[in-house]
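Right, one structure below, let's go through it.
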Amino acid sequence: MRKNIIAGNWKMNKTASQASEFLSSVASRMDSKDEVVIFPPYLSVAAAVAALKGTKVKVGVQNMHFEDAGAFTGEVSADMVLESGCEYVLIGHSERRKYFAETDETVNLKVKKALAKGLIPMVCVGEDLEEREKDLTFDVIARQLRRGLEDVAPASVVIAYEPVWAIGTGKTATDEQAQEVCAFIRKSLSEMGFDAAEISILYGGSVKGSNITSLMSMPDIDGALVGGAALTEDFINIINY
Ligand code: PEP
């Protein structure tokens, strides 16, 4: 069901005690009409869930394995994620693709597992600078969507468009650039058989309190996936855009 979502990806930041301290100070100010989701590192999930108890803020993990159990040292399963109190899972973040060999194929396996277990997958897609400069943006996004969502029944997925060149660089895509790709994503999802008008599509890449309002005014942008600014008080400004 399409709704506005503001999500914070903490990446490898904030220990459990830092998560408790931060969320205890901001939780009461995170009361938004939009869905708010925090993605802490695994070991800070329990602290985040506890600190957000009684609020509407949801918690998710930044990755999970596609198998149910077994000899996969260092990994966590969907059941573990669910039991920890999470409702969302981030899948295919560009840092997972770049540093941890995540592929469109593993994205696909993880999306299917998340949906089968009742978790909401937030699937990240996006082109890097070289691909944008070679005019390959739409080809890259189309491939990531087609392969990442192959044989996925039209269901509850969230897509985050994150141009790699805008992540952590301070270089935000213009509102028009972000809108153009989010509209392309919606059209592609529709061609793939999804009820695209009902899917939330977020933009991510150097989102701050100062640029969220104009991004959110774009017709195909239903929210933001926020990295650096989600670790600071500015996240409150973003939520309250
Ligand atoms: C991200 O990593 O998902 C992200 C968008 O980071 P930042 O907001 O720091 O660019």
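Heavy-atom basis, side chains included; hydrogens, waters and symmetry copies ignored.
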Among residues at least two apart in sequence or on other chains, which ones pass ring pair (Phe, Tyr, Trp, His ring centres under 6.0 Å) with Trp165?
none
Scan residues 60-70 for pairs that pass side chain to side chain donor-acceptor pair (under 3.5 Å), counting only residues two or more places apart or in two chains.
Asn63-Lys110, Asp68-Lys113
Under the salt bridge (Lys or Arg N to Asp or Glu O under 4.0 Å) test, which residues partner Lys58, sequence neighbours left out?
Glu35
Are Val157 and Ile199 packed together at the side-chain level, in the sense that at least one heavy-atom pair is separated by less than 4.5 angstrom?
yes
Residues forming a ring pair (Phe, Tyr, Trp, His ring centres under 6.0 Å) with Phe235, sequence neighbours excluded:
none
Residues two or more places apart in sequence or in another chain: which of them pass side chain to side chain contact (heavy atoms under 4.5 Å, CB included) with Ser190?
Ala196
Sorted by first residue and then second, give each salt bridge (charged side-chain N to carboxylate O under 4.0 Å, His left out) pair with at least one member in residues 13-23; sequence neighbours left out.
none
Answer with yes or no whether the side chains of Glu127 and Tyr161 bring together a donor and an acceptor at under 3.5 Å.
yes
Which pairs count as salt bridge (charged side-chain N to carboxylate O under 4.0 Å, His left out) when at least one residue sits in residues 189-198, sequence neighbours excluded?
Lys187-Glu191
Can you name the side chain to side chain contact (heavy atoms under 4.5 Å, CB included) partners of Thr169, sequence neighbours left out?
Lys171, Ser206
According to side chain to side chain contact (heavy atoms under 4.5 Å, CB included), who are the partners of Lys112, at least two apart in sequence or on a separate chain?
Asn108, Asp151, Val152
Under the rule for ring pair (Phe, Tyr, Trp, His ring centres under 6.0 Å), what residues qualify as partners of Phe138, not counting sequence neighbours?
Phe184
Flag the pair Val37 / Val57 as yes when at least one side-chain heavy-atom distance between them is below 4.5 Å, and no otherwise.
no
Residues in side chain to side chain contact (heavy atoms under 4.5 Å, CB included) with Thr103, at least two apart?
Glu105, Thr106
Please tabulate, one pair per line, all N/O donor-acceptor pairs under 3.5 Å involving side-chain atoms of residues 221-229, not counting sequence neighbours.
from   : atom 1 : to     : atom 2 : distance (Å)
Asp222 : OD1    : Arg2   : NE     : 3.1
Asp222 : OD1    : Arg2   : NH2    : 3.2
Asp222 : OD2    : Arg2   : NE     : 3.2
Asp222 : OD2    : Arg186 : NH2    : 2.8
Asp222 : OD2    : Ile201 : N      : 2.9

